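Notes follow the structure.
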Amino acid sequence: MKHFLSITDVPPKELKKLLDLAIQLKTEWREGGNKPILKGKSLALVFQKPSLRTRVSFEMGMVHLGGYAFYMSPNEIKMGGRESVADIARVLSGYVDGVMARVFDHAHILELAEHGTVPIINGLSDYNHPAQALTDVFTILEHKNKLSGLKVAYVGDGNNVARSLLFACMKLGMHFAIASPEGYQLSEADLKLGRQFSEEGATVSAGTDSITAVTDADVIYTDVWTSMGQEDEADARLAVFRP
């Protein structure tokens with residue numbers, strides 16, 4: 001059983017194969033449409049945390065490939081409340097061919113994978129965002145025609161997006177520089193883990209100065225200062241990030 005829970009779980013060679021496949025499928029679609037390689041397959045989209053792009057991306061991806069996706073809102077399931085995560089995993093596994101879940105608590109993704117008997121895709125958790133990181137890397141590849149040796153500078157909150165992007169850059173041979181305000185940085189454990197995945201001499205640098213981070217960068221990446229679920233921190237974050 002193969003799940004997609006974190007970039008850390010995917011070997012560099014497999015990441016490259018996924019990117020090559022994405023290029024192939026996108027080209028095929030533009031040239032007249034994809035082959036229905038997922039005909040008869042269904043994907044449940046479980047959302048604790050709403051997202052326009054995540055829902056549309058997964059739904060249309062299934063449609064393009066001949067499959068079927070259906071949306072399940074937070075009120076329909078109440079994961080970890082009315083329905084235990086283990087029960088949700090078991091029930092959905094009896095009906096669908098795969099589950100994409102977008103959750104607040106990363107432990108819920110891990111529990112879905114533990115009890116499910118179909119592939120589980122992490123559409124976002126508080127720990128990481130592997131689907132977005134893979135898509136971001138794909139966009140870089142489209143614009144730069146290569147990945148190895150590029151420098152990616154990330155300016156902003158050291159959050160789930162930054163964490164997954166760090167891991168993806170390391171595994172694909174890209175240098176990664178991040179600048180975040182004090183108190184909003186990736187942990188030393190995150191940076192150490194990222195360095196362990198370094199391929200082709202990829203390096204990691206972290207600090208608080210955005211100018212240093214973006215110097216000589218091939219790609220500059222930033223994210224919102226206040227993510228969904230952090231609305232009560234908006235004023236405090238604005239005061240820290242704006243300078």
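Only heavy atoms go into these numbers, but all of them, side chains included; no hydrogens, no water, no symmetry mates. All residue numbers refer to positions in the sequence shown, counting from 1. In this text the structure is predicted, and so the values were computed from the model without any measurement.
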Query raised in the report: Are a donor atom and an acceptor atom from the side chains of T139 and D136 found within less than 3.5 Å of each other?
Result: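 Distance-only check fails for T139 and D136.
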**Report entry** Between T203 and H175, a side-chain donor and acceptor under 3.5 Å
**Finding:**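 Per modelled atom types, T203 and H175 side chains form a pair under 3.5 Å.
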Heavy-atom distance under 4.5 Å between the side chains of [X] and [Y], does that happen here?
X	Y	result
V46	M100	no
V137	M174	yes
Y71	E59	yes
F104	D126	no
L166	I178	no

Report the distance from atom [atom1] of [X] to atom [atom2] of [Y], rounding to the nearest 0.5 Å.
X	Y	atom1	atom2	result
E28	I23	CD	CD1	13.5 Å
L141	L147	CG	CG	4.5 Å
Q48	N75	CD	CG	11.5 Å
F167	Q196	CZ	CD	9.5 Å
S198	M170	OG	CE	5.5 Å
N160	Y127	CG	OH	10.5 Å

Query raised in the report: Given V103 and V85, is the side chain to side chain contact (heavy atoms under 4.5 Å, CB included) satisfied, shown in steps?
Result: CA-CA 11 Å; V103 304; V85 179; over 6 Å; no
Report task. Measure from NZ or CZ of R55 to the centre of the six-membered ring of F47 and say whether it is under 6.0 Å with the direction within 45° of the ring axis. Result ->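 That pair does not qualify as a cation-pi contact.
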Minimum heavy-atom distance [X]-[Y], with the two atoms named:
X	Y	answer
A179	S210	CB-CA, 3.6 Å
T212	K151	O-NZ, 3.9 Å
P181	G156	CD-O, 4.3 Å

Query raised in the report: Should the ring pair Y154 and Y221 be called parallel, tilted or perpendicular, given that the plane angle runs from 0 to 90° and is split at 30 and 60?
Result: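 The rings of Y154 and Y221 lie parallel, inter-plane angle below 30°.
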Report task. Could you walk me through whether K2 and E14 pass the salt bridge (Lys or Arg N to Asp or Glu O under 4.0 Å) test, one step at a time? Result -> CA-CA 12 Å; K2 281 193 175 183; E14 191 166 343; 3.4 Å; yes
Determine yes or no for a side-chain-to-main-chain donor-acceptor pair under 3.5 angstrom, with [X] supplying the side chain and [Y] the backbone.
X	Y	result
N122	S6	no
E76	S73	yes
N128	P130	no
K171	V10	yes
T222	V155	yes
D218	L150	no
S164	H129	yes
R102	K49	yes
S180	Q185	no

Requested in this report: Decide salt bridge (Lys or Arg N to Asp or Glu O under 4.0 Å) for R90 and D87; before the verdict, give the C-alpha distance in whole Å, the side-chain angles of both, and the deciding distance to 0.1 Å.
Outcome: CA-CA 5 Å; R90 285 188 284 260; D87 280 346; 2.9 Å; yes
**Report entry** Partner of F4 under side chain to side chain contact (heavy atoms under 4.5 Å, CB included), chosen from I120, D9, L134
**Finding:**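 When side chain to side chain contact (heavy atoms under 4.5 Å, CB included) is applied between F4 and each of I120, D9, L134, only L134 qualifies.
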Requested in this report: Please name the residue in the list V118, V99, I88 that meets the side chain to side chain contact (heavy atoms under 4.5 Å, CB included) test with S93.
Outcome: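 Looking at V118, V99, I88, the match for S93 under the side chain to side chain contact (heavy atoms under 4.5 Å, CB included) is V118.
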Requested in this report: State plainly whether one hydrophobic cluster holds both Y95 and I77, where clusters connect Ile, Leu, Val, Met, Phe, Trp and Tyr through side-chain heavy atoms under 4.5 angstrom apart.
Outcome: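 They do share one cluster, since a chain of ILVMFWY contacts under 4.5 Å joins Y95 to I77.
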